[in-house]
**Q** 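One structure coming up, written as structure tokens, with questions to follow.
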Number of protein chains: 2
Amino acid sequence: MLAIGTLSRRTGTKVQTIRYYEQIGLMNEAGRTAGGQRRYFEKDLDRLAFIRHSRQLGFSLDSIRELLDLSDNPSQSCAEADSIARRQLHQVEQRIKRLQALKKELKRMVAECDGDSVAECKVLEVLRDHAECLTEHDEIGA
Amino acid sequence: MLAIGTLSRRTGTKVQTIRYYEQIGLMNEAGRTAGGQRRYFEKDLDRLAFIRHSRQLGFSLDSIRELLDLSDNPSQSCAEADSIARRQLHQVEQRIKRLQALKKELKRMVAECDGDSVAECKVLEVLRDHAECLTEHDEIGA
DNA sequence: GATACAAGCTACAGCAGATAGAGGTTCAAG
DNA sequence: CTTGAACCTCTATCTGCTGTAGCTTGTATC
């Protein structure tokens, strides 16, 4: 039987985060000692590791929920998991694209700045006037 | 005198967002009509456009606050604005790096999946076992 | 058995950066 | 004067945690 601190150490997850995962139903409700402390089995540790690894790969908690469901029901087709992963890949690619456009714009801003007074600062000037931008960057969050 | 909806339309910012910016002190408190509705000048529109454009370039609201302060005091050196922009550029570059590592890993996962049953799904397998990963990806947020 | 103290517990607040809705009021056109 | 779009405030919600306060439990050592 593993204490929450052990899971924490072995997966690099903060104790509060593990409790949070339980709260939102991502981790099963843990068994308790007489005194009310959580105790885990190895399978819980595996599940937590799966969650963490998926998070490291950028999957949302919702996607992870789906992936865990699939993982729990090995008789289904793999297609669903595959499509979740593809969707994630697509999102990552989009974000890279967008960030590269930003990078280009920022580089140009910085390069043109010659360290003079704010009055003629290129950085501020570009920010003031969108028209000075070369690239399109119309979405914020991405 | 411009109504909030006009600012909204002309900068592509949601009305609530403009009010939010006022609330957190990023926009100055707007003047009001007798009935309590906000009214703006062109300079407020410019300020909002500056904020929005900066957000599109990925600057945090805190950074934008600094940039606006600099912009409001044209006698200072440009160096500060420059360094904020450089910091932002650096962050963007780091995020790109990280996302490219993720992309690689996701691509590999997806490529290895042959659409068979979940039991032997490569996607799920990789998620289960971090050791199957080629690349390092130890930070989550980034 | 007593004691010390690390590790556990719950509950709630807070972060960024908005966004949405309820329920009510004002403005401007016709 | 009436209509109705646009405005108002206030509060809640989202994602994915993280931190704090104040208290209890478990375990090792004496």
Side-chain angles (χ1 to χ4, degrees), chain A residues 1-27 29-40 44 48 50-68 88 91 95 98 138-142, chain B residues 1-27 29-40 44 48 50-68 88 91 95 98 102 137-142:
Chain A
M1 300 293 269
L2 311 165
I4 198 167
T6 310
L7 260 74
S8 168
R9 249 170 288 118
R10 286 179 48 188
T11 62
T13 313
K14 294 238 155 70
V15 165
Q16 295 105 303
T17 305
I18 301 173
R19 289 196 281 248
Y20 169 72
Y21 287 160
E22 179 181 306
Q23 193 188 306
I24 61 168
L26 212 55
M27 289 291 284
E29 282 202 22
R32 302 285 185 134
T33 62
Q37 297 196 357
R38 288 171 181 80
R39 287 296 180 269
Y40 297 92
D44 300 307
L48 181 56
F50 184 105
I51 294 169
R52 282 275 105 181
H53 192 199
S54 304
R55 285 294 296 137
Q56 284 163 356
L57 287 167
F59 288 93
S60 71
L61 294 181
D62 270 357
S63 292
I64 294 171
R65 215 183 287 274
E66 291 184 68
L67 289 166
L68 281 167
Q88 176 63 18
Q91 273 174 26
R95 282 167 66 196
R98 178 172 145 62
D138 294 312
E139 314 152 62
I140 287 196
Chain B
M1 301 293 271
L2 311 164
I4 198 168
T6 310
L7 261 75
S8 168
R9 248 171 289 117
R10 286 179 48 190
T11 62
T13 313
K14 293 237 157 73
V15 165
Q16 295 105 305
T17 304
I18 300 174
R19 290 198 279 248
Y20 169 71
Y21 287 159
E22 179 181 306
Q23 192 188 308
I24 63 169
L26 211 54
M27 288 292 281
E29 284 202 19
R32 303 285 186 133
T33 63
Q37 298 196 358
R38 289 171 181 80
R39 286 297 178 270
Y40 297 93
D44 299 307
L48 182 55
F50 184 105
I51 295 170
R52 283 275 104 181
H53 192 196
S54 304
R55 285 293 298 133
Q56 283 164 358
L57 286 167
F59 288 93
S60 71
L61 294 181
D62 271 356
S63 292
I64 294 171
R65 216 183 287 272
E66 292 183 68
L67 289 166
L68 281 167
Q88 178 63 17
Q91 274 172 26
R95 281 169 67 196
R98 176 171 147 63
L102 293 197
H137 44 76
D138 294 312
E139 314 150 62
I140 286 194

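In what follows, every heavy atom counts, from backbone to side chain, and hydrogens, waters and symmetry copies are set aside. Throughout, a chain's letter reflects where its sequence line sits, starting with A, and its residues are numbered from 1.
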**Q** Rounded to the nearest 0.5 Å, what separates atom CD in Glu22(A) from atom CD1 in Ile4(A)?
**A** 7.5 Å

**Q** Pick base, sugar-phosphate or nothing for Ile4(A), based on heavy-atom distances below 4.0 Å to the nucleic acid.
**A** sugar-phosphate

**Q** Run the side-chain contact (heavy atoms from CB on, under 4.5 Å) test on Arg10(A) and Leu48(A) for me, step by step, so that the C-alpha distance in whole Å, both residues' side-chain angles and the decisive distance to 0.1 Å come before the verdict.
**A** CA-CA 10 Å; Arg10(A) 286 179 48 188; Leu48(A) 181 56; over 6 Å; no

**Q** Determine: side-chain N/O of Ser60(B) to OP1/OP2 of dA16(C), distance under 4.0 Å, yes or no.
**A** no

**Q** From dT19(C), dG16(D), dT9(D), pick the nucleotide closest to the side chain of Arg38(B)?
**A** dT9(D)

**Q** Glu22(A) CD to dT10(C) P: how many Å, rounded?
**A** 8 Å

**Q** What are the two closest heavy atoms between Tyr40(A) and Ala30(A), and how far apart are they?
**A** CE2-CB, 3.4 Å

**Q** Separation of Ile18(A) atom CD1 from dC17(D) atom P, in whole Å?
**A** 12 Å

**Q** To the nearest Å, give me how far apart OH (Tyr40(B)) and P (dA6(D)) are.
**A** 16 Å

**Q** NA contact type, Arg9(B), heavy-atom cut-off 4.0 Å: base, sugar-phosphate, or nothing?
**A** nothing

**Q** Can you list the steps and then say if Arg38(B) with Arg32(B) is a side-chain contact (heavy atoms from CB on, under 4.5 Å)?
**A** CA-CA 5 Å; Arg38(B) 289 171 181 80; Arg32(B) 303 285 186 133; 3.2 Å; yes

**Q** Roughly how far, to the nearest 0.5 Å, is CG of Leu2(A) from CG of Asp44(A)?
**A** 8.0 Å

**Q** Let me confirm one number: the CD1-NE2 distance from Ile64(B) to His53(B), rounded to the nearest 0.5 Å.
**A** 11.0 Å

**Q** For the CZ atom of Arg52(B) and the OG1 atom of Thr11(B), what is their distance to the nearest 0.5 Å?
**A** 7.0 Å

**Q** Checking Ile51(B) against Leu26(B) for the side-chain contact (heavy atoms from CB on, under 4.5 Å) test, could you report, in this order, the C-alpha distance in whole Å, the side-chain angles of both residues, the deciding distance, and whether it holds?
**A** CA-CA 8 Å; Ile51(B) 295 170; Leu26(B) 211 54; 3.9 Å; yes

**Q** How long is the line joining CG of Leu7(A) and P of dA7(C), in whole Å?
**A** 15 Å

**Q** Consider the side chain of Arg52(B), meaning its heavy atoms from C-beta on, and name the nucleotide among dA18(C), dC7(D), dT15(D) that approaches it most closely.
**A** dA18(C)

**Q** Nearest whole angstrom, please: distance from the P of dG17(C) to the CE of Met27(B).
**A** 17 Å

**Q** Can a side chain N or O of Arg32(B) be found less than 4.0 Å away from OP1 or OP2 on dC7(D)?
**A** no

**Q** Under 4.0 Å between a side-chain N or O of Thr17(A) and OP1 or OP2 of dG16(D)?
**A** no

**Q** Taking OH from Tyr20(B) and P from dT13(D), how many angstroms apart are they, rounded to a whole number?
**A** 18 Å

**Q** Say whether, by atom type as modelled, one donor and one acceptor occur between the side chain of Gln88(B) and the main chain of Leu57(B) under 3.5 angstrom.
**A** yes

**Q** Could you list, one pair per line, each protein nitrogen or oxygen that sits under 3.5 Å from a nitrogen or oxygen of nucleotides 19-23 of chain D, together with the distance?
**A**
| from | atom 1 | to | atom 2 | distance (Å) |
| --- | --- | --- | --- | --- |
| dG19(D) | N7 | Gln16(A) | NE2 | 3.2 |

**Q** How would nucleotides 24-30 of chain C be written as a contact map, 5' to 3', with B for base contact, S for sugar-phosphate-only contact and - for no contact, using protein heavy atoms under 4.0 Å?
**A** --BSS--

**Q** Rounded to the nearest angstrom, tell me the gap between atom OH in Tyr21(A) and atom P in dT18(D).
**A** 8 Å

**Q** Once rounded to the nearest 0.5 Å, what's the spacing between atom CD of Gln56(B) and atom CZ of Arg98(A)?
**A** 8.0 Å

**Q** Starting from P on dG14(C), measure out to CG on Asp62(B) and report it in whole angstrom.
**A** 17 Å

